[in-house]
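One structure is given below, encoded as structure tokens.
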Amino acid sequence: MADKILLIDGHSILNRAFYGLPPLTNGKGFHTNAIYGFITILLKTIEEEKPSYLTVAFDRSEPTFRHKMYKEYKGTRKPMPEELREQVPVMKEVLQAMGITVVEQAGLEADDIIGTLARRCSSADKEVVVLSGDKDLLQLATDTVKIKIPKTSKGQTTIEEYYAKDVKDKYQVTPSEFIDVKALMGDSSDNIPGLPGVGEKTATKIIATYQSIENAYAHRAEVKPPRASKMLDERYDLAVLSKELATINVTADFPFELEGAKLNNIFTEEAYVYFQDLQFKNLLPKFTVAPIVNDIAKKFRVITDEKEIQTALANLKNDCFGVAYQKDIGFAISDQGEAFAVPLNNPMTEMLLLPYFVQALSKPGKFCAFDVKKLLKFHGVPRDKSWFDVSLAAYLLNPLKNDYTFQDVAQEHLDLVIDEQDPELLLCYEAYTVSNAKEILRKKLKETQMDELYDTVEMPLVFTLEDMEEAGIKVDAITLKEYGDKLALGIEQLQAEIYAETGEEFNINSPKQMGEILFDKLGLPHGKKTKTGYSTAAGVLEKLAPEYPVVSKILEYRQLAKLKSTYADGLANYIGSDGRIHGTFNQTITATGRISSTEPNLQNIPIRMELGRLIRKVFIPEPGYTFVDADYSQIELRILAHYSGDEQLISAYKEAEDIHRLTAAKVFHVPFEEVTELQRRNAKAVNFGIVYGISAHGLSEDLSITRKEAQEYIENYFQTYPGIKKFLDGQVEKAKADGYVTTLFHRRRPVPELKSSNFNLRSFGERVAMNAPIQGTAADIMKIAMIQVNEAIKSAGLKSRLLLQVHDELLIEAYESEVEQVKEILHQHMERAVTLEVPLVIDIGIGHNWYEAK
DNA sequence: AATCTCACG
DNA sequence: ACGTACGTGAGATTA
């Protein structure tokens with residue numbers, strides 16, 4: 001069989017991959033989706049075709065002859081999005097690292113290179129396969145030149161294959177006639193003018209009949225329809241030019257050595273480095289050559305003998321240890337570049353193993369770990385020593401990641417790729433990574449001015465959160481059950497009524513079924529559509545409720561169903577044997593620096609609606625204790641007032657004036673005393689909107705007013721408080737210039753969206769830049785307050801305990817005789833956590849359950 | 001696994 | 001001409 005050569009149209013495949021895949025980035029924020037898609041399709045095609053030679057052709061960035069021609073007609077092309085542009089040079093480097101020849105030539109487009117190579121190779125008796133995303137290349141098809149075009153439909157990629165006869169079958173014309181068809185119909189994306197009024201159908205018919213533009217012109221009088229006949233006669237010049245533009249040059253002059261394109265092993269060491277950097281983890285196993293000699297693992301040991309464990313522990317040097325513990329696996333300790341693991345196995349049970357772990361942690365010295373809070377849960381692990389939590393440092397340096405793993409830290413900060421399957425060695429790697437990453441992370445924290453934030457806020461907070469998780473909150477299981485039963489009754493009742501009124505039994509929890517019943521069957525006017533069907537969101541249904549009583553019942557059903565599934569039933573599952581719920585507070589989740597709460601989420605317990613709010617009655621203190629609840633009054637607006645330096649706002653807060661009323665008076669130009677309820681409510685919404693990064697659309701949606709009115713509110717607001725406008729604009733400017741914004745305590749929030757070519761994403765980035773410093777500073781202040789409140793309670797030897805944080809609120813289970821002292825501590829440390837231009841104020845509530853206390 | 005909906009600050 | 005308020009987590013349905 002003749003040798004086969006595969007020719008790839010680089011830009012068109014890269015383009016397809018870019019638009020066909022969701023945005024992917026490596027840890028450094030570099031986009032990788034186009035390269036990934038290209039490599040995937042490249043591997044698939046090599047697998048299918050098994051070519052002996054391979055070449056990828058790219059356009060050069062300089063304008064080519066044909067580009068110059070279009071410019072006279074259509075101006076410039078749409079620019080390539082930045083997210084794709086940055087991938088092009090790297091794509092070429094990756095191909096070169098894989099030993100694949102890349103051809104690009106000034107003055108030639110990739111099409112011309114491929115056309116010429118296809119012609120030369122098939123003359124040299126080679127089989128030729130062309131891979132392109134562009135069907136223009138079909139003009140190159142012959143009996144021995146095959147064109148492959150990937151097509152994506154319904155998420156499935158299939159590759160269509162065309163020899164000359166397949167082109168004829170599908171398009172009714174031969175490959176060379178295909179040029180004339182395209183020339184007649186034109187192609188706006190390629191800036192080929194074509195003949196006005198001639199589309200695909202007409203063009204195909206003309207060429208199928210006359211074989212070429214020239215022959216059609218010779219018979220122009222007979223050409224049908226008359227419109228085309230006329231155009232051919234009058235604008236033949238346009239047709240000729242179009243044909244020139246549409247024709248791929250197959251006789252271009254450029255050097256090419258076939259032997260240089262020989263396809264060898266593409267999984268080279270050089271390529272491995274690129275794949276690591278791009279984080280194509282699933283492709284790494286394809287590399288069979290041991291790419292990088294990894295001698296770190298040589299320093300790892302697995303110890304099972306108890307005597308040896310003793311010896312290893314005794315031999316630890318006292319400086320800085322890395323420690324790791326994995327449930328059901330064991331623990332590992334790293335010391336000065338070495339590491340050993342003590343696995344859990346028969347006969348080493350957890351009971352026997354834990355004391356060794358605690359013994360190791362009780363040695364003098366400093367300790368690094370990936371999740372210190374988790375380690376503190378083990379009985380006997382000392383807290384009063386120097387801990388360094390690597391996950392927190394990694395989070396501060398980039399708070400946008402979905403999860404934090406020590407493998408990612410090793411790759412990003414130590415340039416070490418860990419591809420280890422053995423669980424015990426993996427544990428050694430973790431211990432090794434955390435001990436070795438400490439210094440570099442400290443250095444980076446210092447460089448970003450976040451070392452103080454780390455040392456005085458994030459790291460100490462670990463202990464506060466662990467105290468809170470250990471304390472848990474008592475829940476009255478019996479009352480919770482009764483509450484659930486009551487909801488179940490209501491749900492049953494409403495369900496029956498909804499079925500009766502719609503005349504059908506369906507799953508009310510299914511938005512799909514509900515949409516069909518409401519909008520198709522009953523013909524109610526539908527509002528927004530989602531990508532899968534009608535929207536049945538509360539906002540849409542509320543607009544219909546006054547006119548259609550059944551919709552109100554659906555809304556009520558939804559409310560009850562939510563309360564039952566998420567809260568009544570949901571919370572019951574988390575009540576422990578001590579009658580308390582011990583949730584988890586997460587410190588490395590949010591982009592802004594807030595903490596989050598999971599398993600269960602205790603930060604979204606209902607309060608806004610009375611029926612939901614009742615559930616707070618099941619959260620109760622121990623006998624002899626009382627709840628003391630403290631929340632910051634308008635902390636975000638106060639931070640905004642501080643940042644803006646606006647004298648009116650600052651003095652209003654100093655005088656404890658009603659800020660929403662003041663805003664209403666200014667924005668609506670009425671005397672302070674004459675502000676109506678509605679005006680105050682609207683002004684409050686504007687104040688909220690400002691904190692979120694105001695947009696006229698968002699505000700109009702929230703207030704059910706027109707965009708124009710919302711725009712006027714906003715303009716009046718900025719006129720009233722010019723300092724706020726200046727501050728918000730400044731944040732957006734800073735984010736554009738630096739790529740991030742910061743809080744009062746130097747916490748960073750990167751804003752990569754501002755670089756996007758997508759308008760919506762960019763607008764989102766602007767709102768983020770305005771909101772993050774405010775929300776983040778509030779989070780910082782609350783964290784500082786929590787640490788201080790918790791410490792003050794403990795150092796005063798009180799029995800009272802901090803239980804929950806809900807962003808601007810702290811809940812304390814206070815021993816009854818300590819209530820006054822606790823209130824004093826809360827005032828002291830929450831209101832004085834930081835000194836701003838405006839006072840910080842808290843409101844305190846007291847009660848025998850959370851409902852009463854708030 | 002993705003989508004929709006809805007609970008909170 | 002476009003389309004969203006900022007930040008979260010959980011349950012139910014559907015693909």
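The figures that follow rest on heavy atoms only: side chains count, while hydrogens, waters and symmetry mates do not. Each chain gets a letter, A, B and so on, in the order the sequences are listed, and its residues count up from 1. As the structure is a prediction and not an experimental result, all values here were calculated from the model.
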Legend entry - Consecutive-pair stems (at least three Watson-Crick or G-U pairs, under 3.5 Å) that include DNA chain C: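 Expected stems, ordered by start: B:1-9 with C:6-14.
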NA contact type, [X], heavy-atom cut-off 4.0 Å: base, sugar-phosphate, or nothing?
| X | value |
| --- | --- |
| Ile607(A) | sugar-phosphate |
| Ser597(A) | sugar-phosphate |
| Phe764(A) | sugar-phosphate |
| Ala772(A) | nothing |
| Glu599(A) | sugar-phosphate |
| Gly693(A) | nothing |
| Asn601(A) | sugar-phosphate |
| Val691(A) | nothing |

Legend entry - Aromatic stack His697(A)/dT4(C): centroid gap under 5.5 Å, interplanar angle under 30°: yes
Inset, instruction - Indicate, yes or no, whether a donor-acceptor pair under 3.5 Å links the base of dG7(C) to the side chain of Arg749(A). - result: no
Inset, instruction - Show your reasoning for whether side-chain contact (heavy atoms from CB on, under 4.5 Å) applies to Asp476(A) and Phe619(A). - result: CA-CA 7 Å; Asp476(A) 178 353; Phe619(A) 291 88; over 6 Å; no
Check ion pair [X]-[Y] (N to O, under 4.0 angstrom):
| X | Y | result |
| --- | --- | --- |
| Glu83(A) | Lys755(A) | no |
| Glu469(A) | Lys377(A) | yes |
| Arg594(A) | Glu636(A) | yes |

Inset, instruction - Please tell me which of Arg707(A) and Pro399(A) maps to the more 5' nucleotide of DNA chain C, matching each residue to the nucleotide holding its nearest heavy atom. - result: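 The residue whose closest nucleotide sits nearer the 5' end is Arg707(A).
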Inset, instruction - Give a yes or no on whether the ring-centroid distance for Tyr717(A) and Tyr721(A) is below 6.0 angstrom. - result: yes
Legend entry - Partners passing ring-ring contact (aromatic ring centres under 6.0 Å, His included) against Tyr740(A) (at least two apart in sequence or in another chain):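 Per chain and number, Tyr740(A) pairs via ring-ring contact (aromatic ring centres under 6.0 Å, His included) with no residue.
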